Every structure is written in C-alpha cells, then in structure tokens.
Amino acid sequence: MQAMKQKRQPSKPSGIEVINCQCPICKDTGWETYIKGGYEYSRECSNGCRTKKIKSNKLQFAEIPKEFESLTVESFETDCYSQIEARERAEMVKTMCRNYITEFSKIKESGKGLYLYSKEKGSGKTRMAVSIANEIINRYMISAKFTTAIRILDEIKSTWSGNRDSDMQPLSEMQLLNEIKRVPVLVIDDIGVEKSSPWVDEKFYSILDSRLISKMITIFTSNVKIEDLKLDERVRSRISKMALPVQFPDESIRNTLARKENNDFLRLLIG
Ligand SMILES: Nc1ncnc2c1ncn2[C@@H]1O[C@H](COP(=O)(O)OP(=O)(O)O)[C@@H](O)[C@H]1O
Ligand SMILES: [Mg+2]
Ligand SMILES: [Zn+2]
C-alpha cells in the first residue's frame, strides 16, 4: 500500500492503553508510522494487523453461530458417517465445496450460490454452509452474513412495532430488506421450515429477485429439495436460477456422534 503523508501527531501517553496492546508496532491501530526525509508517513502495519482487523470486523458482522465460528471446509469430516453411501456422498460434497472456494473469484462474477439439502437433519448442511462463509471472509475478505429463513421473517416483523397504525411501509423495513438484498454473500439457513403464506412468498420474492438480478451470492440450506419448497413457484424458480443443488448424505452425524459417545461411555462402565 502506498505511503500516505500525514501531519505529525503528538505521541500517545504511555499507560494501560499501550501495555494492553497486542501489537508493539501499531498499538493495534492497524497503521504504523515512519519518518522519511523529515516527514512522518503512515503505512499498513507490517504485522498484518490491518488485514486482521478487517477480517475480524467482517467475521463479527457475519454473525456466525459460536458453535461453527472457526470451521473450514477442510475440517469437514467424511469418515464419521456410518453408511458407505453417506461417506461417498460426503466426499463428493466436500470436493464440490472445496472447489467452490478455490474458484470463488470466477464464480462470484456469475452470482451462483449453492443449495445444500438433505431430508435428514444433523447431516452437516449448516456446518458446511458456515464453513464456506468463513472461508470467503478469510480468503477473499468479502462480507458474508449468516441468517435463517425464520430470523429474516422475524426481523422484518420486528420493524413494525410502533408503526402498526401507519399505512405506509415503515422505512426501517425497507432498510432491513435493503441490507439483506445487498450483502455480497448471504447464508440462509433452513429455508422451507417457515409457515407458508402469500406474505412470506412476497418477502422472499423481493429479497431473492433483487439478489438474483444483482448477482449476489446466496447459500441456502434446507431439508427439502427446491421443487418441494412450500413457496410460490416464482420464488422457487429464482432459487433454482441462483443456486446449484448439492445433495447431502441422508444420515444424521448428530445421532451417529451421540451413539458413539454413548458406546464409549458404556465401554468405560463395563470396563
Ligand atoms: N462432517 C462433519 N464433521 C464433523 N462434524 C459434523 C459434520 N457434519 C455435522 N457435524 C456436526 O453435527 C451437528 C449437526 O450438523 P448440522 O450442520 O447442524 O446439520 P444440519 O444443518 O444438516 O441439520 C453439528 O454439531 C455439526 O458440527
Ligand atoms: Mg441446519
Ligand atoms: Zn500491528
């Protein structure tokens, strides 16, 4: 990054602020100063603090659930599924998602997302969707956001409070919708669990049509195939256009892991 000429700032008083700093070079500001030809310039901290700061802000914005915070596609296990077909499918899914990340610069131009689905709950869909978001933030420093279909609808409803008597659409609903429409990578977890209604159709249509037109990436997870979603045909056809269906194993890792834990425990008790 090119150096920027700056007015000399009075140096910070030393004290708790400085003692608590993680980085001795930039004191956690992300910028370091240097003197050249009698002028003071600043440049990005040579410890990479500015990049770390940007990533950490993006991760905070992403609202990834705590449980999934630092997961990657590589750490997605495929040998924990007990059935052979499930393991093979998990391998295929992992390869596809790994390639999705490595080819993301090209894919981003097309706006194509993924639709991760399986009938079985606990098969790893949310885990994988979140891992993809984590990697996009970390590798490409692109903003991503995690949300669920139900949360989107709840947040829209919560913007109504205090505006119930008004005939006009409250601005805050519009602002919220705009935010959801504009985020470069959006994970919508568990689409299809919401109760269907014309209102739900209208909201999803508005969000997804806008994201499709502006080629924003959307990654869905669901327990049903796109064609079985209880949403209006216009919404389903938007989803088909904007995301490639990826079938997950029909095996619950949650149950398999719980069974394994119980077996280990039993073995310990039997001796
Ligand atoms: N391939 C995997 N490797 C390791 N843990 C997994 C894997 N798939 C799922 N899990 C764990 O199993 C639990 C359920 O997974 P989740 O992604 O929430 O399932 P789904 O979204 O398909 O219902 C989570 O705690 C998750 O971390
Ligand atoms: Mg899930
Ligand atoms: Zn630094």
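The model shown is predicted, which means the values in this text are computed figures rather than measured ones. We count ligands from 1, going down the list as the structure has it; atoms in each ligand are counted the same way.
For atom 11 (C) of ligand 1, the candidate residues are T256, T221, I253; the nearest heavy-atom contact is made by I253.
Ion pair E32/R50 not flagged as a salt bridge, since none of the NZ, NE, NH1 or NH2 atoms sits closer than 4.0 Å to an Asp/Glu carboxylate oxygen. Electrostatic pairing of K94 and E91 does not count as a salt bridge here, judged by no charged N lying under 4.0 Å from a carboxylate O. Classification of R267 and D264 as a salt-bridged pair holds, one side-chain N sitting under 4.0 Å from a carboxylate O.
Side-chain contact check for S222 and Y115: at least one donor-acceptor pair (N or O, by modelled atom type) lies under 3.5 Å. Side chains of R259 and S252: a donor-acceptor N/O pair is absent below 3.5 angstrom, by distance only. At a cut-off of 3.5 Å, with distance as the only test, no side-chain donor of E63 or T147 sits close to an acceptor on the other residue.
Contact of the V183 side chain with the F61 side chain is registered, since non-hydrogen atoms from C-beta on lie closer than 4.5 Å.
Rounding to the nearest 0.5 Å gives a distance of 11.5 Å between CG of N134 and NZ of K55.
The shortest heavy-atom distance from M128 to ligand 1 is not under 4.0 Å.
Between S75 and ligand 1, a contact under 3.5 Å exists for no N or O pair. Looking at T126 next to ligand 1, an N or O pair under 3.5 Å apart turns up. The shortest N or O to N or O distance between R127 and ligand 1 is under 3.5 Å. Taking any N or O of L257, backbone or side chain, none lies under 3.5 Å from an N or O belonging to ligand 1. Distances between N or O atoms of S118 and those of ligand 1 include no value under 3.5 Å. Not one N or O of F68 is nearer than 3.5 Å to an N or O of ligand 1, by distance alone. For ligand 1, the polar-atom distance check finds no N/O of T78 at less than 3.5 Å from any of the ligand's N/O atoms.
The Mg ion (ligand 2) has an N, O or S atom of T126 closer than 2.8 Å.
Cluster annotation: F104 is not connected to L186 through the hydrophobic network of ILVMFWY side chains, with a link wherever side-chain heavy atoms come within less than 4.5 Å.
At the Zn ion (ligand 3), the angle from SG in C23 to SG in C26 is 110° when rounded to 10°.
Counting heavy atoms under 4.0 Å from ligand 1, residue F248 does not touch it at all.
Interface of E67 with ligand 1, defined as ligand atoms under 4.0 Å from a residue heavy atom, comprises 24 (C), 25 (O), 27 (O).
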